Amino acid sequence: MAVPKAAVVLRHVKSVMIRFCPFQTNVETTRIFLEHVNSKKARASNISCVVTTDVRHDGSEPVVDIMFGILEMKLNAVQSLCQKGLFY
Amino acid sequence: MHFERQKLMAVTEYIAPKPEKCIAPRIKAVTEENGYAKLLRWQVTETFRDSKMIAVCQHNFTPSEEMLLMKHRLRKHNIHVKFFPNEIVRPYLSVSKYKNLLPLFVGCNLMLVSPEIKVKEMLRILKNVPQINLLGACVDNTILSNQGVINYSKLPTMEITQGQVVGTLSLMASQTCGLLQHSSVHLTALLDQYIKQQSSGAGETGKAGEGQAELEPARSSAGL
């Protein structure tokens, strides 16, 4: 799946928590997001941003939890957001 | 009809396709397989055949020094780091017995393979590299998740487990022996106790009797 190489900037992000079950078939976009967030440029944009990965095997939907400086944003329906073009 | 219109009509006249063109399929050019792809496929087959432990990890960006250190540490325990493109691995997996590992091979992956099973050491080294996330593993023909690998590493060694099994199996037999002998052992103990009591009691009466016997001759001698 071709993914546009958009630069991920974590300047105002405090922490990112990504939870997914790798044996499910709908985690491709979550894993690609994880790859982008952990890229060299993304890391260089904010060294203090903490990226945690939680790999489970419980059949749960993938969850992306982004904590900004002030407010917290949870992304549960990652797949539907990808279809709408709001996510990678 | 006007000349231009006549020309236009002549140019745009419908030409029906000939029957041969309709029936015969278009011959596609045969693309020869890339030699490098063949080599990679052969390497994948060999890797899966010769390894007892295959761990699949998500490969995020890792600085080259950390990657080198990790490879060095793993190599000490005979664990090799392999990178294969998903286009080569997925067709191989779909026809092999590792079909259930297919969902893992999406995105950027790396494989840690080893002919021996060294799960504890592998986990210890991976803990120091947060950019590499363990997704799953196939250890001894058993597919394990991340938690499964952690539980596997906490298992005791084969010798301890075998000792525990032998102990559990012999427990029943030893309990049966104990139960069978319990009544006779108890009876023996009671009889021992009784004999001791009797002997101590006889000893006391004997002493008392001796004492009386001593007293009587003394009395008789005194009486005389």
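Side chains included, hydrogens not; waters and symmetry mates left out as well; all remaining heavy atoms used. Fair warning: this is a prediction, and the values are worked out from it, not measured in the lab. Throughout, a chain's letter reflects where its sequence line sits, starting with A, and its residues are numbered from 1.
- Residues of residues 44-54 of chain A that come closer than 4.5 Å to chain B, counting heavy atoms only, are A:Thr53, ordered by residue number.
- The side-chain heavy atoms of B:Leu134 and A:Val55, taken from C-beta on, include no pair separated by under 4.5 Å.
- The environment of CD in B:Glu46 is crowded: more than 12 heavy-atom neighbours from other residues, nucleotides or ligands sit within 6.0 Å.
- With chain B as partner, the option from A:His57, A:Gln24, A:Arg56, A:Lys40 having the largest number of non-hydrogen pairs under 4.5 angstrom is A:Lys40.
- Contact of the B:Gln147 side chain with the A:Asp58 side chain is not registered, since no non-hydrogen atoms from C-beta on lie closer than 4.5 Å.
- By the 6.0 Å contact criterion, OH on B:Tyr194 is open, its count of non-hydrogen atoms from other residues, nucleotides or ligands being 12 or less.
- In this structure, the portion of B:Leu144 lying under 4.5 Å from any heavy atom of chain A is its backbone and not its side chain.
- Across B:Leu104, B:Leu135, B:Leu102, a single residue satisfies side chain to side chain contact (heavy atoms under 4.5 Å, CB included) together with A:Phe23, and that is B:Leu104.
- A:Arg31 and B:Gln58 get closest at one heavy-atom pair: NE-OE1, 2.6 Å.
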